[in-house]
Amino acid sequence: MAERHASSLAVNTRKSLFCLFILTSTLFILSWFFVLRSTGSPHFIDHKLLPNSKLLAMIDNGISGRESQNDVEPSVGNRSILVDKEEEEKPTILSQDKEASQANNGVKCNTNGKVALKVFMYDLPPEFHFGLLDWKPQGRSVWPDLQTKVPAYPGGLNLQHSIEYWLTLDILASELPNPPNVRTAIRVRNASEADIIFIPFFSSLSYNRFSKINPHQKKSNNKLLQDKLVKYVTAQQEWKISGGRDHLIVAHHPNSLLDGRMKLWPATFILSDFGRYPPNIANVEKDIIAPYKHVIKSYVNDSSTFDSRPTLLYFQGAIYRKDGGFVRQELFYLLQDEKDVHFTFGSVQKDGIKKASQGMHNSKFCLNIAGDTPSSNRLFDAIASHCVPVIISDDIELPYEDVLDYSEFCIFVRTRDALKKNFLVNLTRSIGMDEWTQMWRRLQEVQKFYEFQYPSKEGDAVRMIWQAVARKVPAIRMKLNKSRRFSRSYVRKEKGLSRIPSPSNFW
């Protein structure tokens with residue numbers, strides 16, 4: 001009898017403990033439910049209290065379109081990430097409100113001129129910029145009078161890397177008594193007011209014109225000029241204060257600034273790609289990718305159709321390249337006998353640009369294949385021709401890709417897939433008239449983002465680059481502020497006096 005009573009007591013005890021456990025667990029889950037419901041995205045920071053709050057507002061506006069994706073329709077361009085079946089297809093991420101979409105054809109950027117990037121520009125001697133164009137200064141000014149005459153930039157292939165020329169003109173134009181239009185970037189004379197400090201060195205032109213060593217020289221004029229530039233810039237108080245992290249310099253030609261880049265690396269670079277840079281010198285987090293200036297004229301009043309462009313795939317250029325460019329010759333062997341594919345050697349000589357222009361205008365798809373470096377001007381020639389680019393370059397970085405979805409008007413193919421027999425031909429032939437026409441129309445909409453001109457215009461390449469710089473400013477400022485955290489820890493006392501070294505000592 002006692003044993004039965006003890007057994008019953010044990011069962012009741014276990015039941016009680018189980019009920020207590022269930023009750024406790026339920027209360028715990030309910031408490032977390034109410035806590036989570038009560039939390040949200042707090043907005044307790046008044047940005048008006050922060051320095052350069054207008055710039056922050058501009059950048060917030062610039063990325064807000066990418067944060068709201070509920071109303072985005074899937075893009076036909078998502079054939080691009082093509083062929084690994086194990087990878088999920090990525091949805092289109094570009095979305096904008098109606099106002100921004102009407103103003104910028106689907107890319108939300110600050111182009112209303114109300115908030116401008118503040119740029120402090122060094123008054124470098126003319127030998128670093130317009131003097132390279134054989135311009136001679138008059139009087140004490142180191143800059144040309146843009147109201148009188150704008151120095152011309154040399155044509156041909158020189159133009160494709162002329163980005164520093166257009167940006168410098170744009171900053172100078174912001175100081176004219178009657179600026180030609182509202183500004184995205186303006187020059188300020190006090191560096192402490194600036195968002196960025198611009199070094200106006202025409203590095204690509206210096207390389208193109210002066211990289212050869214004369215018989216009586218040990219160094220080329222290009223290298224001598226870089227040595228002078230490094231000495232000048234690193235001696236400036238602005239560089240010493242920040243260690244160069246708030247400086248901006250253009251080195252668009254892959255071979256430009258080859259020596260100076262190793263000493264000016266803390267600055268933000270404007271580049272065509274990262275092909276010849278070690279990642280500790282240049283990378284996508286720190287630097288900016290800018291488009292080439294296309295050498296083929298823009299296709300004005302393009303009324304072509306899917307059927308009026310008889311060539312399926314077009315490529316004309318250097319076929320035998322070094323480094324990553326081996327894929328060009330492999331594709332040449334694969335595609336040379338296809339009846340509706342044009343794949344030949346070509347250059348700018350003997351009406352090469354005119355022939356390439358006609359060929360792209362008559363083609364549905366234009367191949368953009370990695371050469372010596374991941375990028376090529378051919379991509380931007382294709383965009384200007386409204387010929388849907390087929391990009392075969394695994395390491396390519398693209399301009400404005402943080403605000404622009406290239407899969408809407410480009411086809412991306414991995415190198416390993418492109419080298420499979422019949423892959424490219426079958427892929428492009430599978431794209432029908434409706435899908436191609438949608439990408440063709442999108443090319444016409446985005447074309448203006450790749451146009452360099454003076455004076456700059458709303459939404460053109462000059463304005464887009466300045467806005468890309470503006471989006472880097474908060475990260476630059478954060479790095480600068482973090483670098484100053486422990487500056488007081490290095491106080492040294494000498495003869496009873498405290499000395500705080502310059503922040504530049506801590507880089």
Side-chain angles (χ1 to χ4, degrees), residues 74-94 254 271-277 279 283-284 289 291-292 311-338 340-343 363-383 387-402 404-432 435-436 438-439 442-443 446:
S75 167
V76 298
N78 283 337
R79 285 177 173 273
S80 54
I81 318 250
L82 273 177
V83 192
D84 273 358
K85 292 183 179 179
E86 68 272 14
E87 294 185 11
E88 295 183 359
E89 187 175 353
K90 296 181 180 180
T92 303
I93 62 169
L94 185 65
L271 309 170
S272 58
D273 60 46
F274 301 116
R276 292 182 180 165
Y277 285 80
N283 54 74
V284 72
I289 297 297
Y292 292 62
T311 303
L312 177 70
L313 269 174
Y314 182 89
F315 178 90
Q316 184 164 306
I319 294 175
Y320 300 98
R321 309 297 288 177
K322 55 188 177 181
D323 299 329
F326 77 94
V327 68
R328 291 190 183 184
Q329 63 194 63
E330 297 297 325
L331 287 174
F332 171 71
Y333 299 136
L334 285 173
L335 299 172
Q336 60 180 332
D337 296 327
E338 295 290 340
D340 51 356
V341 173
H342 177 94
F343 200 120
S363 302
K364 295 179 179 70
F365 299 95
C366 287
L367 284 168
N368 181 73
I369 314 168
D372 293 345
T373 60
S375 68
S376 166
N377 190 41
R378 195 167 286 100
L379 169 61
F380 307 100
D381 285 340
I383 292 173
C387 178
V388 176
V390 178
I391 299 175
I392 306 170
S393 181
D394 296 345
D395 297 321
I396 195 170
E397 297 288 348
L398 297 165
Y400 336 128
E401 199 168 11
D402 54 338
L404 190 62
D405 185 357
Y406 278 79
S407 69
E408 294 180 342
F409 54 90
C410 295
I411 303 296
F412 292 83
V413 181
R414 295 183 180 89
T415 299
R416 67 172 184 265
D417 296 320
L419 294 178
K420 296 175 182 176
K421 189 175 181 179
N422 297 325
F423 181 88
L424 276 177
V425 173
N426 291 338
L427 169 65
T428 48
R429 284 178 181 160
S430 72
I431 298 176
E435 187 175 351
W436 180 87
Q438 186 171 344
M439 287 188 283
R442 186 66 178 136
L443 283 168
V446 303

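- With salt bridges taken as basic N to acidic carboxylate O contacts below 4.0 Å, one links Asp340 and Arg429.
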I would like to know whether Tyr292 and Ser375 meet side-chain contact (heavy atoms from CB on, under 4.5 Å); could you show each step before the answer?
CA-CA 9 Å; Tyr292 292 62; Ser375 68; 2.7 Å; yes
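- Under 3.5 Å, the side chains of Glu408 and Tyr406 contain no donor-acceptor pair of N or O atoms.
- Note that the OG atom of Ser376 and the CD1 atom of Ile392 stand 12.0 Å from one another [nearest 0.5 Å].
- For the atom pair OH of Tyr277 and CG of Asn283, the computed distance is 12.0 Å after rounding to the nearest 0.5 Å.
- Although no hydrogens or angles enter the test, the distance criterion places a donor-acceptor pair under 3.5 Å between the side chain of Trp436 and the main chain of Lys364.
- Counting only distance, with no hydrogens or angles, the side chain of Ser393 and the backbone of Pro374 share a donor-acceptor pair below 3.5 Å.
- Rounding to the nearest 0.5 Å places CD of Gln336 at 13.0 Å from NE2 of His342.
- Here the closest non-hydrogen pair linking Phe409 and Val388 is O-CG1, 3.7 Å.
- Side-chain contact between Phe315 and Arg328 is present, with at least one heavy-atom pair separated by less than 4.5 Å.
- With rounding to the nearest 0.5 Å, the separation of CG in Asp417 from CZ in Phe423 is 4.5 Å.
- A heavy-atom distance below 4.5 Å is not found between the side chains of Leu313 and Ser363.
- Pairing each heavy atom of Pro389 with each of Ala382, the nearest pair is CG-CB, 4.1 Å.
- Between the side chain of Asp394 and the main chain of Thr415, a donor-acceptor pair closer than 3.5 Å is present.
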Between Met439 and Ile431, does the side-chain contact (heavy atoms from CB on, under 4.5 Å) criterion hold? Intermediate values first, please.
CA-CA 11 Å; Met439 287 188 283; Ile431 298 176; 4.1 Å; yes
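- Under the 4.5 Å side-chain criterion, counting only non-hydrogen atoms from C-beta, Leu367 is in contact with Phe343.
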Test side-chain contact (heavy atoms from CB on, under 4.5 Å) applied to Phe326 and Leu331, step by step:
CA-CA 9 Å; Phe326 77 94; Leu331 287 174; over 6 Å; no
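- The SG atom of Cys410 sits 6.5 Å away from the CG atom of Leu443 when rounded to the nearest 0.5 Å.
- Panel note: side chain Asn426, backbone Asn422; a donor-acceptor pair is recorded below 3.5 Å.
- Not one N or O on the side chain of Arg378 forms a donor-acceptor pair closer than 3.5 Å with the backbone of Ile369.
- Within the 4.5 Å cutoff, no side-chain heavy atoms of Glu397 are placed close to those of Asp273.
- Tyr333 contributes atom OH, which lies 13.0 Å from atom CG of Leu419 (distance to the nearest 0.5 angstrom).
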Please evaluate residues Asn368 and Val390 with respect to the criterion side-chain contact (heavy atoms from CB on, under 4.5 Å), reporting the C-alpha separation (whole Å), side-chain torsions for both, the decisive distance (0.1 Å), and the verdict.
CA-CA 6 Å; Asn368 181 73; Val390 178; over 6 Å; no
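- None of Val413, Val341, Leu334, Leu312 except one satisfies the side-chain contact (heavy atoms from CB on, under 4.5 Å) rule with Leu424; the exception is Val413.
- Of the residues listed (Leu404, Leu379, Ile289), the one engaging Leu398 in a side-chain contact (heavy atoms from CB on, under 4.5 Å) is Leu379, and it is the only one.
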